[in-house]
Amino acid sequence: MEASARTRQARELFAPLGPTYDRYARLLSFGQDPRWRSFLVSRVPPEAHRVLDLASGTAAVAIELARVQPARTVVGVDQSPEMLAVGRARVADAGLTGRIELRDSRAEALPFGEAEFDALTFTYLLRYVDDVPATLAELARVVRPGGTVAMLEFGLPRGHWRPLWELYVRVGLPAAGAIVSPGWKDVGSFLGPSIRGFWHQWPEPSLLDAWRDAGLADVTARRLSVGGGIVVWGRRT
């Protein structure tokens, strides 16, 4: 399957940022990104011994998944060879090469069999796919019945927090990114419209319905940091 224009844009945007990604993702999210990732990992039950982590990037979630459960193995998948190169170095530094495998592939067409994993996580993924329902169905396909699927995504704050969020993503984030590098300036300018556009197309009730239509039950959403992040999880039926 050929990568879509949206997928290629994401790949080109983030490819140069691998060496600095974790540091500045933490900084530009006011320290919230690591907290959100930890909550995502906490949704995966300890008995999930083989886990697939999609949009694995620099392997931050994959490493945490392995660290919290010593009997667990993790396969991390990402479309960016540049990000995966950084991830492999981080995995080696963490002494987890024997338990974490990183592979170059795309979420829309996974190279795995039916029900191959006990659980699946994905981070900041659905904004970059063209067909959200089809992608969710493909993710559910590779998880065993009863297994957990969990995602982390940026959210849209509500109430009086929304104008502050708009000010930050329209002005503060691009300006802060520009201080770091031209690449981060581009990301800072891209994220606000990307997040806003995704939730306009997929408001939370519609997105949760898409999860259920993909064969996931007990679907739950938790907003974090006044709604700046959202974690959704469910169980494969």
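- When all heavy atoms of Gly31 and Pro34 are compared, the closest pair comes out as O-CD, 3.5 Å.
- Taking both residues in full, the closest heavy atoms of Trp36 and Val231 are given as O-CG2, 4.2 Å, listed atom of the first, atom of the second, then distance.
- In this structure, Val169 and Gly192 approach most closely via the heavy-atom pair CB-CA, 3.9 Å.
- None of Arg72, Arg50, Arg144 except one satisfies the salt bridge (Lys or Arg N to Asp or Glu O under 4.0 Å) rule with Asp118; the exception is Arg144.
- The ring pair (Phe, Tyr, Trp, His ring centres under 6.0 Å) contacts involving residues 79-117 comprise Phe112-Phe117, where partners must be two or more places apart or lie in separate chains.
- The nearest pair of heavy atoms linking Arg236 to Val143 is NH1-O, 2.5 Å.
- Heavy-atom neighbours of Arg162 CZ from other residues, nucleotides or ligands within 6.0 Å: above the threshold of 12.
- Residues satisfying the side-chain hydrogen bond (donor to acceptor under 3.5 Å, both in side chains) test with Trp211, not counting sequence neighbours, are none.
- Atoms CZ and CG, on Arg88 and Leu96 in that order, are 15.0 Å from each other to the nearest 0.5 Å.
- Checked against side-chain hydrogen bond (donor to acceptor under 3.5 Å, both in side chains), Glu138 has the following partners two or more places apart in sequence or in another chain: Arg141.
- Residues satisfying the side-chain hydrogen bond (donor to acceptor under 3.5 Å, both in side chains) test with Ser38, not counting sequence neighbours, are Glu64.
- Here the straight-line distance linking atom CD1 of Ile195 with atom CD1 of Ile230 works out to 12.0 Å at 0.5 Å rounding.
- Both cation-pi conditions hold for Arg43 and Phe39: the charged atom is under 6.0 angstrom from the six-membered ring centre and inside a 45 degree cone around its axis.
- With respect to Asp93 and Arg90, no salt bridge is recorded, no charged nitrogen being found less than 4.0 Å from a carboxylate O.
- Just one of Val61, Val232, Asp53 meets the side-chain contact (heavy atoms from CB on, under 4.5 Å) condition when paired with Leu40; it is Val61.
- Going from atom OG1 of Thr73 over to atom CD of Glu101 covers 9.5 Å, rounded to the nearest 0.5 Å.
- For Glu47, the side-chain hydrogen bond (donor to acceptor under 3.5 Å, both in side chains) test picks out no residue, with sequence neighbours left out.
- Arg235 is linked by a salt bridge (charged side-chain N to carboxylate O under 4.0 Å, His left out) to Asp218, counting only residues two or more places apart in sequence or in another chain.
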